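A quick note: this is a predicted structure, and the numbers were derived from the prediction, not measured. Residue indices begin at 1 and follow the sequence shown.
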Amino acid sequence: MKEKNCIDGNVYIPYDKRVSNESVVYFTRDLSSAGLEKIYQKISHNLTGKIAVKLHTGEKNGPNIIPRSWVKNLFDKELKDATIVETNTYYQGDRYTTSEHLETLKVNGWRFSNVDIIDSEGTCMLPINGGKYFKEMSVGKGILNYDSLLVLTHFKGHTQGGFGGSNKNIGIGIADGRIGKAMIHTTPNQDNMWDIAKEEFMERMTESSKATVDHFNKNISYINVMRNMSVSCDCEGINAQPVVTPNVGILASLDILAIDQACVDIVFSMKENENHDLVERITSRHGLRQLTYMKELNMGNDKYVLIDLDNGEKRIDAKIAASNLKPFVDDHLK
């Protein structure tokens, strides 16, 4: 069976229409510090040397970010010498300059760890293999100081990207605040700094993500927390739209495409009254192009096996779900 090459970011491809190998994605319903610690241990073996943790730390007092107590516990137990890394924002706000950003980090409770605003002392270019827009991406040069990267992501909606998963976390979040983010968001010499949208935006963001993925090679792991999933990104802070999508759990993988695809599949498998707002946000922004373009760039697999950590590491083969994992969602996401 040949897979249809679909580049339309508003078209969802059901599981049984995909052609790829299967990656492993771990899953727990345990939305707590213990659950985060448990799932981290499954994807931590390749994180060696000096470890960076890319976390979306959010605007001041944002209500939906990953609870600080969960992350602090993970640092205390598993990541004692790790560093939270961030870059400054492209838009003017509470994280536009390094001094403003550090103050926001303090307000939001993230200063329990070492924090590195990696573009505070300049930028560097990371190569991109196979990109159609870029051959290299401008990132905070501080990223070169680390041997490994944990991408710790709050999965949610996003105004421009449709959804924000691991791909968005590093595609936007490692690009520096002035040059790299402009390369992704803005056509040169345009007055509208957000003029690039839909498929082109997803592709540019994904090429940026690929630069970081390739840089760390096998020394990179991903965790997505499916909790408090507003259609708004954490960059909207207290202005985020209300949460209407049910909490799910925590997923982890060594495959960036597999983990973001699994999260999207779970959202699309919910009942309409539960997922309507988030599905509308994803499709109206053509955000599904993130997934198909990651596949085109050989960043991972869009098929996977879920390992249920709450039930003796039972393998949940996604192929059993003829309608987009719906049996899994109905049985387990109570």
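- Between the side chains of D147 and T48, no donor N or O sits under 3.5 Å from an acceptor N or O.
- In plain terms, the two heavy atoms of N64 and H154 that are nearest each other are O-CE1, 3.0 Å.
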Check: Which is it for L291 and V264 under the side-chain contact (heavy atoms from CB on, under 4.5 Å) test, yes or no, and what are the steps along the way?
Finding: CA-CA 9 Å; L291 304 171; V264 168; 4.1 Å; yes
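- Considering only heavy atoms from C-beta on, Y40 comes within 4.5 Å of L79 through its side chain.
- Heavy atoms from other residues, nucleotides or ligands lying under 6.0 Å from NZ of K135 number 12 at most.
- Under the 4.5 Å side-chain criterion, counting only non-hydrogen atoms from C-beta, L36 is in contact with L152.
- The environment of D81 atom CG is sparse: at most 12 non-hydrogen atoms of other residues, nucleotides or ligands sit within 6.0 angstrom.
- Hydrophobic cluster membership differs between V243 and M226, with clusters built from Ile, Leu, Val, Met, Phe, Trp and Tyr side chains linked at under 4.5 angstrom.
- With sequence neighbours excluded, no residue satisfies salt bridge (charged side-chain N to carboxylate O under 4.0 Å, His left out) with E199.
- Using a distance-only test at 3.5 Å, with no hydrogens or angles considered, no donor-acceptor pair links the side chain of Y304 to the main chain of L257.
- Residue pairs that meet the side-chain hydrogen bond (donor to acceptor under 3.5 Å, both in side chains) test with at least one member in residues 248-264, sequence neighbours left out, are S23-D255, N224-D260, Q261-D265.
- A 4.5 Å side-chain heavy-atom check between R204 and F134 finds at least one atom pair inside the cut-off.
- Residues passing the side chain to side chain donor-acceptor pair (under 3.5 Å) test with E203, sequence neighbours excluded: K132, Y133, R289.
- The minimum heavy-atom distance between N301 and S20, with the atom names listed, is CB-OG, 3.7 Å.
- I66 and V107 fall into different hydrophobic clusters, where Ile, Leu, Val, Met, Phe, Trp and Tyr are joined by side-chain heavy atoms under 4.5 Å apart, directly or via other members.
- Judged by distance alone, with hydrogens and angles left aside, the side-chain atoms of Q290 form a donor-acceptor pair with the main-chain N or O of G161 at under 3.5 Å.
- A distance-only check finds a donor-acceptor pair linking the side chain of R18 to the backbone of D302 [under 3.5 Å].
- Every pair passing salt bridge (charged side-chain N to carboxylate O under 4.0 Å, His left out) that includes a residue from residues 211-222 is listed here, sequence neighbours excluded: K210-D214.
- When all heavy atoms are compared, the tightest approach of S32 to I250 is O-CD1, 4.4 Å.
- Listed by chain and number, the residues in a side chain to side chain donor-acceptor pair (under 3.5 Å) with E121 amount to none (sequence neighbours excluded).
- For E313, the salt bridge (charged side-chain N to carboxylate O under 4.0 Å, His left out) partners two or more places apart in sequence, or in a different chain, are K42.
- Looking only at side-chain heavy atoms (C-beta outward), K54 and I143 stay at 4.5 Å or farther from each other.
- Separation of atoms NZ (K181) and CD1 (I179) is listed at 11.5 Å; rounding is to 0.5 Å.
- Residues passing the salt bridge (charged side-chain N to carboxylate O under 4.0 Å, His left out) test with D195, sequence neighbours excluded: none.
- Scanning both residues, M229 and P246, for their nearest heavy atoms gives CE-O, 3.2 Å.
- When all heavy atoms are compared, the tightest approach of L55 to E86 is O-OE2, 2.8 Å.
- In this structure, the separation between OG on S230 and NE2 on H158 is 11.5 Å, given to the nearest 0.5 Å.
- Ring planes of H185 and W194: perpendicular class, angle over 60° (limits at 30 and 60°).
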Check: Do S138 and M183 pass the side-chain contact (heavy atoms from CB on, under 4.5 Å) test, and can you show the C-alpha distance, the side-chain angles, and the key distance before you say yes or no?
Finding: CA-CA 8 Å; S138 182; M183 292 168 66; 4.1 Å; yes
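- Of the possible polar contacts, one joining the D308 side chain to the D310 backbone as a donor-acceptor pair under 3.5 Å is found.
- Using a 4.5 Å cut-off between side-chain heavy atoms of Ile, Leu, Val, Met, Phe, Trp and Tyr, with links allowed through other members, I172 and M299 fall into the same hydrophobic cluster.
- Salt bridge status for D176 with K141: absent, with no side-chain N to carboxylate O gap under 4.0 Å.
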Margin query: Show, in sequence, the C-alpha distance, side-chain angles and deciding distance for D277 and T245, and conclude whether the side chain to side chain donor-acceptor pair (under 3.5 Å) test is met.
Written below: CA-CA 8 Å; D277 289 10; T245 304; over 6 Å; no
Notebook entry, point to check: Please walk me through it: do R178 and Y96 pass side-chain contact (heavy atoms from CB on, under 4.5 Å)?
Noted result: CA-CA 9 Å; R178 303 295 176 267; Y96 186 66; 3.5 Å; yes
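- Within a 6.0 Å radius of NZ in K38, more than 12 heavy atoms belonging to other residues, nucleotides or ligands are found.
- T206 and M202 get closest at one heavy-atom pair: OG1-O, 2.7 Å.
- The backbone N or O of G131 lies less than 3.5 Å from no partner atom in the side chain of E207, so there is not a single donor-acceptor pair.
- K77 and S33 share no donor-acceptor pair across their side chains, judged by distance under 3.5 Å alone.
- Listed by first and then second residue, the ring pair (Phe, Tyr, Trp, His ring centres under 6.0 Å) pairs that reach into residues 63-83 are F75-F112, sequence neighbours excluded.
- In this structure, the side chains of N167 and Y293 stay at 4.5 Å or more apart for every pair of heavy atoms.
- Of the candidates I220, I84, I43, V85, I43 is the only one forming a side chain to side chain contact (heavy atoms under 4.5 Å, CB included) with L150.
- Remark: N10 CG to H286 NE2 distance equals 4.0 Å, nearest 0.5 Å.
- Take S69 and apply the side-chain contact (heavy atoms from CB on, under 4.5 Å) test, not counting sequence neighbours, and it matches P67.
- In this structure, the side chains of E37 and N73 come closer than 4.5 Å at one or more pairs of heavy atoms.
- L254 has its side chain out of reach of V24: every pair of non-hydrogen atoms, C-beta onward, lies at least 4.5 Å apart.
- With respect to L251, the side chain to side chain contact (heavy atoms under 4.5 Å, CB included) criterion is satisfied by exactly one of L306, T153, I307: L306.
- Residues passing the salt bridge (charged side-chain N to carboxylate O under 4.0 Å, His left out) test with R285: none are found, sequence neighbours excluded.
- The line from CD of Q160 to NZ of K168 is 11.0 Å long, rounded to the nearest 0.5 Å.
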Notebook entry, point to check: Can T283 and Y12 be said to form a side-chain contact (heavy atoms from CB on, under 4.5 Å), step by step?
Noted result: CA-CA 8 Å; T283 55; Y12 176 75; 6.0 Å; no
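- With sequence neighbours excluded, the residues that form a side-chain contact (heavy atoms from CB on, under 4.5 Å) with L144 are C124, L126, H215.
- Side-chain contact between I256 and V151 is absent, with no heavy-atom pair separated by less than 4.5 Å.
- At least one donor-acceptor pair closer than 3.5 Å links the side chain of T87 to the backbone N or O of A175.
- Residue pairs meeting the side-chain hydrogen bond (donor to acceptor under 3.5 Å, both in side chains) criterion with at least one partner in residues 101-119, sequence neighbours excluded, are N88-H101, D116-Y146.
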